[in-house]
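First comes the structure, then the notes that go with it.
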There are 2 protein chains.
Amino acid sequence: MNPVPSDPAEGSLLLDDQLCFALYAASRAVIARYRPLLDELGLTYPQYLVLLVLWEQDEISVRELGAALQLESSTLSPLLKRLEAHGLLRRERRSDDERSVAIRLTDTGAALRERARAVPLAIGDAMGLTREQDALAKQLLRLLTENVTTR
Amino acid sequence: MNPVPSDPAEGSLLLDDQLCFALYAASRAVIARYRPLLDELGLTYPQYLVLLVLWEQDEISVRELGAALQLESSTLSPLLKRLEAHGLLRRERRSDDERSVAIRLTDTGAALRERARAVPLAIGDAMGLTREQDALAKQLLRLLTENVTTR
DNA sequence: CACGATCTAATCGCGCGCTACTTTATTGCT
DNA sequence: AGCAATAAAGTAGCGCGCGATTAGATCGTG
């Protein structure tokens, strides 16, 4: 006594009506696509995101990194320790504000950027969206994130 | 010597050009929105997804559940044990095929459905997308998942 | 019927991701 | 200056997710 595609999504408890599930499944599927490529670089997906930020702006605090990636220090601290252990970056207390920790790429970390250039190309290819679809998707996802985040 | 919005996204290493990041951030933001609602039901987000499936089709194998949610048994097995420990479902070896485990809701698990009805309504509201945007987003996300998964 | 290939769950190890909490440093107020 | 409030990073605990592996059941082919 359930279906009839009455008002799709509005209050439905059917899995396939849920945007949240489409989102969750897509996110994991895309990350899974990245995995073999990132394995070659010795990186996990969140580690790759951290490096994307650092390649754009080296010398950044944990706080700023968290703001850029929307991640808590409780997630970033151990992740950054692992990247430091792999020799890709250094963490150092700031002298002007000892609460803050400055993250800086090592030469190895900076050099990895060249090897990473192939990644977005391969992924863009695998996603198989037109330029318009890609732009539209990004736009919708940002709107959604914005709506859902701000009170 | 980097920017100039030359060909957005095509091979860029800028975080904000990455569809994958928009996806990853949106997924976490939406799940975060669910958290307080699901807390009231004593559920995590993936547990809620499992129940969505079971409310649609009770008596299902771990394999089928994994196919529906795109999750491995290594994720589902412990998750199902926790739901069993909370009294929401039962796991039982099938007599006709002893490899398979049948998942069945308890009365408590089935009854939780009524309390869950409020969830999609509240979330739909918080997402703040028009019906068209919602449908378009789902469509794009499914296309993306399909492209990225196959092959 | 035998026996190797396949299938199903489950386990283990590891890296997130988040909440709650702690520690240390800085700021703001009087 | 003194001290509460705030801020930054980190730790602990828990629940995913996933790759790799394993144990046991079933299937397929000779």
Side-chain angles (χ1 to χ4, degrees), chain A residues 21 24-36 38-39 41-51 60-86 88-103 149, chain B residues 21 24-36 38-39 42-51 60-67 69-86 88-103 149:
Chain A
F21 175 64
Y24 168 76
S27 180
R28 286 186 300 113
V30 167
I31 292 174
R33 249 303 182 168
Y34 272 89
R35 204 171 328 271
L38 296 180
D39 278 352
L41 307 181
L43 296 174
T44 65
Y45 179 74
Q47 288 169 5
Y48 169 72
L49 294 182
V50 164
L51 289 182
I60 193 177
S61 70
V62 174
R63 203 195 81 74
E64 291 164 322
L65 204 46
L69 297 173
Q70 307 272 56
L71 289 171
E72 303 295 322
S73 73
S74 47
T75 298
L76 287 175
S77 286
L79 186 157
L80 292 169
K81 272 193 184 176
R82 284 185 284 270
L83 287 176
E84 185 178 39
H86 283 91
L88 300 182
L89 53 81
R90 264 188 288 275
R91 300 175 313 132
E92 195 179 329
R93 288 277 163 192
R94 288 212 161 118
S95 52
D96 56 328
D97 185 343
E98 292 275 346
R99 291 174 301 183
S100 191
V101 164
I103 308 297
T149 302
Chain B
F21 175 64
Y24 168 77
S27 180
R28 285 188 300 114
V30 168
I31 292 173
R33 249 301 181 168
Y34 272 89
R35 196 161 296 112
L38 296 180
D39 279 351
L43 296 174
T44 64
Y45 179 74
Q47 288 169 7
Y48 169 71
L49 294 182
V50 164
L51 289 181
I60 192 177
S61 70
V62 173
R63 203 195 79 75
E64 291 164 323
L65 205 46
L69 298 173
Q70 306 273 55
L71 289 171
E72 303 294 321
S73 73
S74 46
T75 298
L76 287 175
S77 284
L79 187 158
L80 292 169
K81 272 193 185 177
R82 283 185 284 270
L83 287 176
E84 185 178 39
H86 283 90
L88 300 181
L89 54 80
R90 265 188 286 275
R91 299 176 312 132
E92 196 178 331
R93 287 277 162 192
R94 289 212 161 117
S95 51
D96 56 328
D97 185 343
E98 293 276 345
R99 289 174 301 184
S100 190
V101 165
I103 308 298
T149 301

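A, B, ... follow the sequence lines: proteins, then strands. Residue 1 opens every chain. The shown structure was predicted, so the numbers you read here are calculated from the model rather than taken from an experiment.
Of all heavy-atom pairs spanning L65(B) and I60(B), the tightest one is N-CD1, 4.0 Å. Closest approach of L79(B) and P46(B) over heavy atoms only: CD1-CB, 3.8 Å. Here the closest heavy-atom approach between residue R94(B) and residue A102(B) is recorded as NE-CB, 3.7 Å. Nearest approach of R91(B) to L89(B), heavy atoms of both residues: CG-CD1, 4.0 Å. Closest approach of L43(A) to Y48(A), counting heavy atoms only: CD1-CA, 4.2 Å. The heavy-atom pair separating A29(B) from T149(A) by the smallest distance is CB-OG1, 3.9 Å.
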Tabulated below should be each protein N or O lying under 3.5 Å from an N or O of nucleotides 1-7 of chain D; please produce it.
unit_1, atom_1, unit_2, atom_2, d
dA7(D), O4', R99(A), NH1, 3.4

Which pairs, protein N/O on one side and nucleotides 15-17 of chain D N/O on the other, fall under 3.5 Å?
unit_1, atom_1, unit_2, atom_2, d
dC16(D), OP1, T44(B), OG1, 2.7
dC16(D), OP2, Q47(B), NE2, 2.8
dC16(D), OP2, R82(B), NE, 2.7
dC16(D), OP2, R82(B), NH2, 3.0
dC16(D), O5', R82(B), NH2, 2.9
dG17(D), OP2, Y24(A), OH, 2.4

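Proximity of K81(A) to the phosphate of dA9(D): no side-chain N or O atom is located under 4.0 Å from OP1 or OP2.
At whole-Å resolution of the value, CG in L43(B) and C1' in dC14(D) are 16 Å apart. Distance, R94(A) CZ to dA9(D) P: 8 Å, rounded to whole Å. Summarising the geometry, the separation between CD1 on I103(A) and P on dA8(D) is reported as 14 Å, rounded to the nearest angstrom. We find that CG of L76(A) is positioned 12 Å from C1' of dA8(D), with the value rounded to whole Å.
Residue contacts for D96(B): at a heavy-atom cut-off of 4.0 Å it reaches the sugar-phosphate backbone alone, with no base atom in range.
Five base pairs at each end of the helix from dC1(C)-dG30(D) to dT30(C)-dA1(D) define two local axes, and these are offset by 20° (rounded to 10°).
Side-chain contact between R82(B) and P78(B) is present, with at least one heavy-atom pair separated by less than 4.5 Å. With contacts defined as side-chain heavy-atom distances shorter than 4.5 Å, the pair I103(A)/L83(A) does not qualify. In this structure, L71(A) and R28(B) have side chains that are in contact, with non-hydrogen atoms separated by less than 4.5 Å.
Evaluation of the side chain to side chain donor-acceptor pair (under 3.5 Å) test over residues 62-75 of chain A, restricted to residues two or more places apart or in two chains, returns S61(A)-E64(A).
Mapping D97(A) and S73(A) onto DNA chain C by nearest heavy atom places S73(A) closer to the 5' end of the strand.
Checked against salt bridge (Lys or Arg N to Asp or Glu O under 4.0 Å), R90(A) has no partners two or more places apart in sequence or in another chain.
A perpendicular orientation is assigned to the rings of Y45(A) and Y24(B), their planes being inclined by more than 60° (bins at 30° and 60°).
By the neighbour-count criterion of 12 heavy atoms within 6.0 Å, atom CD of E92(B) is sparsely surrounded, having that number or fewer from other residues, nucleotides or ligands.
On the nucleic acid side, DNA chain C has its first and last nucleotide under 4.0 Å of a heavy atom of chain B at dC7(C) to dT19(C), going 5' to 3'.
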